[in-house]
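Quick note on labels: first sequence line is chain A, next is B, and so on, each numbered from 1.
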Number of protein chains: 2
Amino acid sequence: MNIGQVAARTGLPAKTIRYYEEIGLIRPMRGENGYRHFSERDAHNLAFLGRARSLGFTIEECRVLLALYADQGRASADVKRVASEHLAQIDAKIAELREMRATLADLVEACAGDHRPDCPILRGLAGEDG
Amino acid sequence: MNIGQVAARTGLPAKTIRYYEEIGLIRPMRGENGYRHFSERDAHNLAFLGRARSLGFTIEECRVLLALYADQGRASADVKRVASEHLAQIDAKIAELREMRATLADLVEACAGDHRPDCPILRGLAGEDG
DNA sequence: CTTGACCTTCCAGCGGCTGGAAGCCCTATC
DNA sequence: GATAGGGCTTCCAGCCGCTGGAAGGTCAAG
């Protein structure tokens with residue numbers, strides 16, 4: 001498979017696939033013309049990467065997951081630890097966003113949103129009272 | 001005020017303050033020795049920026065908010081629109097994270113997390129069934 | 001007069017791509 | 001055989017919002 005075909009199959013942009021090779025996540029073969037040649041296994045790994053990335057795993061976590069995936073002797077505990085840590089990260093991020101959202105929603109709600117200049121949002125950002 | 005003092009007062013790193021000057025968010029004076037000199041107004045604007053950034057507004061949104069803050073003739077509707085759009089962005093991000101979280105939590109829960117190699121997390125990432 | 005804290009500028013790098021330029025390769029059509 | 005087009009290659013630059021570090025000027029205290 002050429003890069004275009006594997007891109008179409010995995011949904012990943014060709015640019016991204018080249019980047020993944022550059023940082024050593026995949027190692028496709030090369031044809032005589034210099035074109036990358038992707039095996040079924042490569043395509044499979046790229047799909048794996050696409051799913052892991054879409055779940056928010058960092059590239060380095062993906063590298064670890066891919067290594068565990070390739071290792072037939074892995075302990076599922078190792079995989080679970082990586083995933084659990086990422087889950088905790090997601091929870092932390094959600095909590096952070098919810099706090100932002102709560103504060104911002106209060107300010108937005110308090111704002112008349114009309115032609116007048118008085119604005120609780122700006123007052124809040126300026127540090128009035130609280 | 002020198003940069004260190006305003007940094008202490010606003011909680012922003014000096015590096016960040018210099019960066020904000022570089023991109024034109026603030027325009028502190030300069031002393032004869034080349035040091036930046038921050039007025040009360042500068043410090044106030046920096047505190048404003050710190051709060052806006054901590055609510056997740058982008059730098060460009062902060063620029064707009066700061067301009068509205070400075071404009072005594074603004075309409076609160078303009079501020080409210082910026083804030084509401086950002087609120088919608090936050091909501092979208094939360095929704096995205098919750099989807100990730102749900103998928104990941106299912107996988108983690110299904111994983112025994114023991115010494116055995118079988119792992120529903122890896123199977124999920126590999127695209128088995130679904 | 002030295003120490004050390006503070007300030008300055010400039011350049012590089014983080015993550016994870018993404019865009020674009022310049023040029024080679026391959027196939028199809030005339 | 002020429003040409004047009006699409007796909008492939010490499011390389012370099014840029015996105016966002018800082019952050020770190022190097023190399024050097026400035027200032028107050030002892």
A.B. asks: Give the residues of residues 6-24 of chain A touching DNA chain C, defined as any heavy atom closer than 4.0 Å, sorted by residue number.
C.D. replies: Pro13(A), Lys15(A), Thr16(A), Tyr19(A), Tyr20(A)
A.B. asks: Tell me which one of Leu97(A), Leu104(A), Thr103(A) satisfies side chain to side chain contact (heavy atoms under 4.5 Å, CB included) with Met100(A).
C.D. replies: Leu97(A)
A.B. asks: Tell me whether Glu40(B) is salt-bridged to Arg9(B), with the criterion being a basic N under 4.0 Å from an acidic carboxylate O.
C.D. replies: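 Looking at Arg9(B) together with Glu40(B), the answer is yes, because their closest N to O distance falls below 4.0 Å.
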A.B. asks: Just the rounded figure in Å: distance from P of dC6(C) to CG of Asn2(B).
C.D. replies: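 Roughly 11 Å, once rounded to whole Å.
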A.B. asks: Just wondering, do Asp118(B) and Arg123(B) contact through their side chains at under 4.5 Å, heavy atoms?
C.D. replies: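 Yes, side chains in contact.
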A.B. asks: Checking salt bridge (Lys or Arg N to Asp or Glu O under 4.0 Å) between Glu21(B) and each of Lys15(B), Arg27(B), Arg30(B), which is the one that passes?
C.D. replies: Arg30(B)
A.B. asks: Without decimals, in angstroms, what is the distance between Ile26(B) CD1 and dC18(D) P?
C.D. replies: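 Nearest whole value for this atom pair: 12 Å.
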A.B. asks: Starting from C1' on dG15(C), measure out to CD on Gln89(A) and report it in whole angstrom.
C.D. replies: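 These atoms are roughly 14 Å apart.
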A.B. asks: Give the nucleotide from the list dC17(C), dC7(C), dG17(D) with an atom nearest to the side chain of Thr58(B).
C.D. replies: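 Out of dC17(C), dC7(C), dG17(D), the nucleotide with an atom closest to Thr58(B)'s side chain is dG17(D).
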A.B. asks: Near DNA chain D, which residues from residues 27-50 of chain B have a heavy atom under 4.0 Å away?
C.D. replies: Asn33(B), Tyr35(B)
A.B. asks: Below 4.5 Å, heavy atoms only, C-beta onward: do Tyr69(B) and Leu125(A) meet side chain to side chain?
C.D. replies: no
A.B. asks: How about CD on Glu61(A), more than 12 heavy atoms from neighbouring residues, nucleotides or ligands closer than 6.0 Å, or not?
C.D. replies: yes
A.B. asks: With a 4.5 Å cut-off on side-chain heavy atoms, are Tyr35(A) and Ile3(A) touching?
C.D. replies: no
A.B. asks: Classify the side-chain pair Asp42(B)/Ser39(B) by whether it contains a donor and acceptor separated by less than 3.5 Å.
C.D. replies: yes
A.B. asks: Kindly point out which of dG16(C), dC8(D), dC18(D) is positioned nearest to the side chain of Arg53(B)?
C.D. replies: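 In terms of side-chain proximity for Arg53(B), the closest of dG16(C), dC8(D), dC18(D) is dC18(D).
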A.B. asks: Quickly work out the Ile3(B) CD1 to dC18(D) P distance and round it to whole Å.
C.D. replies: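 Taking CD1 of Ile3(B) and P of dC18(D), I get 14 Å after rounding.
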